[in-house]
Amino acid sequence: MTDKIMIIEDEEDIVTLLRYNLEKEGFETCVATEGDKAFNAIKINQPTLILLDWMLPGMSGIDICKQVRYDNDLRNVPIIMLTARGEETDKIKGLTIGADDYMTKPFSVPELIARIRALLRRIQPVKTKGELVFEDIKMDLATCRVFRGSRVVHLGPTEFRLLQFLMEQPRHVFPREQLLKEVWGADIHVELRTVDVHIRRLRKAMNEGGEPDLIRTVRAAGYSIDSQQPDTAQEDENTEE
Ligand code: CA
């Protein structure tokens, strides 16, 4: 089956450039140019991955991203944010609200395509069967659903994969380097603190109902899923909302 990439972008030349290059690479494409019509277009087109511009007429890319993450059918669709802004705070903000990756305009098309392929590979292992359970956390791998007790937890694909990886070996502490390699893939360059951003997002979603924090931060060592938290240190999560 051909992967369908949805381009949500109001700048015509960028749409043309992306369409041409993605189709040349064998992807199917679809386009939305207005923010307020984008969500509906996503629902209709059911894309495999979304390229989402930050600044759009009608509704911002951030709000569209949030809508996608709260939609039961769409919450696992990977999103790459495209933006003209270059500040680090925006990058972190983009990741915090639910995007899986981020590219600043003007971007290199080969790099964007490499990131698309990396993301598509990243969501692949999620399509396995089975169930992972730790304390009150349950991951249904077949339907990609996550529960805390009876509460449904809304996770993006990167957080899902991260949680799955931690849940496969509870209490084992994984260094951030290893999480990057296993969850993101070794072939693209991602900063180490991207792991912290996604852990922070995962922790927020997991504890939203006031449940105890089961994600353990081991200072200078990494992260694990654990009910014992003797040396939890969250000071490395210094990013602001
Ligand atoms: Ca724009």
Side-chain angles (χ1 to χ4, degrees), residues 1-12 14-23 25-83 93-103 105 107 112-113 115-129 139-147 151-164 198 201-202 204-205 208:
M1 212 178 75
T2 314
D3 288 315
K4 193 196 274 184
I5 314 288
M6 176 127 202
I7 304 160
I8 304 175
E9 166 66 77
D10 60 320
E11 283 168 68
E12 240 175 79
I14 296 181
V15 172
T16 309
L17 175 83
L18 288 175
R19 271 204 117 142
Y20 173 78
N21 284 286
L22 289 170
E23 284 171 13
E25 291 289 321
F27 294 109
E28 202 183 314
T29 61
C30 49
V31 177
T33 55
E34 289 166 70
D36 44 359
K37 291 179 185 156
F39 186 69
N40 236 349
I42 298 168
K43 281 285 226 189
I44 293 164
N45 283 286
Q46 297 283 321
T48 325
L49 182 146
I50 299 168
L51 299 177
L52 180 57
D53 184 27
W54 187 285
M55 298 291 273
L56 289 161
M59 182 185 269
S60 77
I62 296 172
D63 289 329
I64 296 167
C65 187
K66 283 183 189 163
Q67 271 190 310
V68 169
R69 284 294 168 260
Y70 275 91
D71 186 273
N72 275 341
D73 301 325
L74 301 173
R75 66 179 193 282
N76 289 307
V77 179
I79 297 175
I80 300 180
M81 293 287 294
L82 305 174
T83 174
K93 201 171 167 190
L95 292 172
T96 308
I97 52 116
D100 298 279
D101 205 350
Y102 176 103
M103 288 209 82
K105 295 175 192 170
F107 48 82
L112 177 66
I113 287 170
R115 283 173 181 268
I116 289 171
R117 292 203 189 283
L119 250 178
L120 292 175
R121 271 197 305 276
R122 200 190 306 168
I123 59 169
Q124 224 54 46
V126 164
K127 293 171 186 163
T128 49
K129 301 262 180 286
M139 295 188 85
D140 184 336
L141 301 176
T143 61
C144 295
R145 282 180 167 272
V146 180
F147 299 89
R151 182 174 72 84
V152 176
V153 181
H154 295 273
L155 295 180
T158 302
E159 285 71 46
F160 188 95
R161 186 71 193 94
L162 201 49
L163 181 66
Q164 183 188 350
H198 284 272
R201 207 157 94 190
L202 175 63
K204 195 177 164 198
E208 220 164 32

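Just so it is clear, the model here is predicted, and its values are computed rather than measured. The first residue in the sequence is number 1, and the count goes up from there.
- In plain terms, the two heavy atoms of T48 and P78 that are nearest each other are O-CD, 3.1 Å.
- If you run side-chain contact (heavy atoms from CB on, under 4.5 Å) between I8 and each of L51, V15, I42, only I42 comes through.
- You'll find the side chain of I7 reaches within 4.5 Å of the side chain of L22, heavy atoms only.
- Proximity of I14 to D53: side-chain heavy atoms (C-beta onward) are nowhere separated by under 4.5 Å.
- In this structure a side-chain-to-backbone donor-acceptor pair under 3.5 Å is missing from D71 to Q67.
- Atom CG of N40 is separated from atom CG of N45 by 10.0 Å, given to the nearest 0.5 angstrom.
- Residues I79 and L119 come closest through the heavy atom pair O-CD1, 4.5 Å.
- Heavy-atom contacts from other residues, nucleotides or ligands closer than 6.0 Å to OH of Y20 number 12 or fewer.
- Residues L18 and I5 have side chains not in contact (no heavy-atom distance under 4.5 Å, counting atoms from C-beta outward).
- Between L112 and N21, every side-chain heavy-atom pair lies at or beyond the 4.5 Å cut-off.
- The nearest pair of heavy atoms linking A32 to A41 is CB-CB, 4.1 Å.
- For the pair E9 and K105, the salt-bridge criterion is met [side-chain N within less than 4.0 Å of a carboxylate O].
- Put simply, the side chain of V152 reaches to within 4.5 Å of the side chain of F147, judged on heavy atoms.
- Nearest heavy atoms, C144 versus N76: CB-ND2, 3.3 Å.
- Across all their heavy atoms, I64 and A38 have their closest contact at CD1-CB, 3.7 Å.
- Counting heavy atoms from C-beta outward, L141 and F160 have side chains that approach closer than 4.5 Å.
- Contacts of E25 classified as side-chain contact (heavy atoms from CB on, under 4.5 Å), with partners at least two apart in sequence or in another chain: F27, I113, R117.
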Under the criterion side-chain contact (heavy atoms from CB on, under 4.5 Å), I'd like the reasoning laid out for K66 against I62: C-alpha separation, chi angles, the key distance, then a yes or no.
CA-CA 6 Å; K66 283 183 189 163; I62 296 172; 4.0 Å; yes
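- The structure places OH of Y102 at 4.5 Å from OG1 of T83, a figure rounded to the nearest 0.5 Å.
- Taken to the nearest 0.5 Å, the CG atom of L49 stands 12.0 Å off from the CE atom of M6.
- Using a 4.5 Å heavy-atom cutoff, the side chains of K43 and D73 are in contact.
- Of all the heavy atoms in A205 and L155, the pair that sits closest is CB-CD2, 3.6 Å.
- Between the CD atom of E28 and the OG1 atom of T2 there is a distance of 6.0 Å, given to the nearest 0.5 Å.
- A salt bridge does not link D100 to R115: none of the charged nitrogens lies less than 4.0 Å from a carboxylate oxygen.
- Judged purely by atom type and a 3.5 angstrom limit, R69 uses its side chain to pair as donor or acceptor with the backbone of R75.
- Within a 6.0 Å radius of NZ in K37, other residues, nucleotides and ligands contribute 12 heavy atoms or fewer.
- Considering only heavy atoms from C-beta on, H154 comes within 4.5 Å of N72 through its side chain.
- From M59, atom CE reaches atom CG of D36 across 7.0 Å, with rounding to the nearest 0.5 Å.
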Step by step, work out the side-chain contact (heavy atoms from CB on, under 4.5 Å) result for F39 and D63.
CA-CA 10 Å; F39 186 69; D63 289 329; over 6 Å; no
